[in-house]
Structures are given as C-alpha cells and as structure tokens.
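Owing to the predicted nature of the structure, the values given are computational and were not obtained by experimental measurement. So you know, we letter chains A, B, ... as the sequences are listed, proteins then strands, and number each from 1.
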Amino acid sequence: MNLLERLTFENQILQRDGMTQFQVYSSQSGSYYIWGEHRTNAGNPYTLWAPLPAGFPQERPPLYIYQPNPLWGFGYTRTINSYGVSHGMHTLDNGPKGEVQVCHWRSERWHAGITLNRVMLKAMLWLEAYEQHLATGTHISELVQTMTS
Amino acid sequence: MATQKEMIREAMQAIAQRKPGRSKLVYDKTQRTIVAISVADQVVRGLDISAEDADMFLPLARLSA
C-alpha cells in the first residue's frame, strides 16, 4: 500500500466512524495534513490540524489545536501554550505558530498500524479533559488518572 | 454563584464517587462528539476508548461530573 492509498483508506475510516468533521488534505507543496473543526460535548468549536510527516505512517504525526490559539487555561491567568512539553497537560512542543500540541501517542509505541481515526479520537478526549480543566483547574493528567479508577 | 473553590470541591467529590465500570466514554456518530454512557445501558454504538487504543489516556470511566 503506497501513501496515497493509505491516505484514501484513512479518509474512508474517518467517514465510516462518523468523524466526518475531519479529513486528510493535500497541500500545494505536496505534503498532507488532517484538518477539521470539532465541537466538544459542550458545543465549543476547536480546529484541529495534524501535518503528516514525510515518514508517515511509520512516523507519528504531531497534532495541534490550531484554533483557539492561544488556548487559555483555568482562570485565564496562563495559556496552555505556555506549558510547552507538559506531562500535567499531556502536551508536547508548540507548533510553528505557537499552537498547543496534544500528546496523543508515545513515540516509542507508535507504529504504522495506528490509523488517524484513533489519533483524532484522542484529540477529542483531550479536548473534553481540557474543558474539565477550564472548569475546575485540575490538570489534565490528574483528570485522566482519576478517570482510570 | 459557586466560588471556584466550591466548584473544584464539587468536581472532586463527583470524581471520588465514581465507580469503576459504571460508565464510559464513546464517540457518538450522530452527535459527532464524545459522550458518557452507562455500561448497563449501552445505547450508543461507537468507538470504545477503553480498549487498547487508550495509550496516553488509559481506560477512562468518564470525563464529565
């Protein structure tokens, strides 16, 4: 399966799973990215952007919150962007325009069999946890760990 | 209007009262968003994030209090 076939397959899976808010697109430069606006359970819109690296699918794609940017944290005293790499927020290095990068998969556990619908699902879960953080101040990692019990 | 401290306390109490296996998060295709459902009343058929997919997030009970 070549890259184009794989990306076509990815779009089919997104369609099948009802994640029609997301789609893989090609840019003029010949690269590919996944893009879409997702609404959380509370109805708030977030634009997600995941540029696919040249090594995809063997290489893990970064996943950014393109909008809102900056993304404010609890109490609007600090942005999520300002955390950078943070276990507490499940975030990695900011994007090219300072976007928040969601840590959706550990690099060492990423493999070519992981499809983008699963990545976007984690992004949606992160957004739900983020909104809990906004309401309570609880770090996302604390929410997630608590939720395992 | 509840203060922030009260909101946090209520949220934490709600989390503490959760029991494992009672509910879980799924992706609802019709609403195109994440919803919490009761395990005993699984009306929504969607992706089950408590499967091995849950890497960084581990198996979840639910997010909303």
Would you please say whether a donor-acceptor pair under 3.5 Å links the side chains of D17(A) and N117(A)? yes
Side chains of T33(B) and R39(A) only: does a donor on one sit below 3.5 Å from an acceptor on the other? no
How would you list, in number order, the residues of residues 40-54 of chain A that have a heavy atom less than 4.5 Å from chain B? T40(A), N41(A)
Is I114(A) reachable from L116(A) through a run of I, L, V, M, F, W or Y residues, each pair having side-chain heavy atoms under 4.5 Å apart? yes
Are L7(A) and L63(A) connected in a single hydrophobic cluster, I mean Ile/Leu/Val/Met/Phe/Trp/Tyr linked by side-chain heavy atoms less than 4.5 Å apart? yes
Please check if the side chain of T136(A) supplies one atom and the backbone of Q132(A) the other of a donor-acceptor pair under 3.5 Å. yes
Parallel, tilted or perpendicular for Y130(A) and W126(A), by the 30°/60° rule? parallel
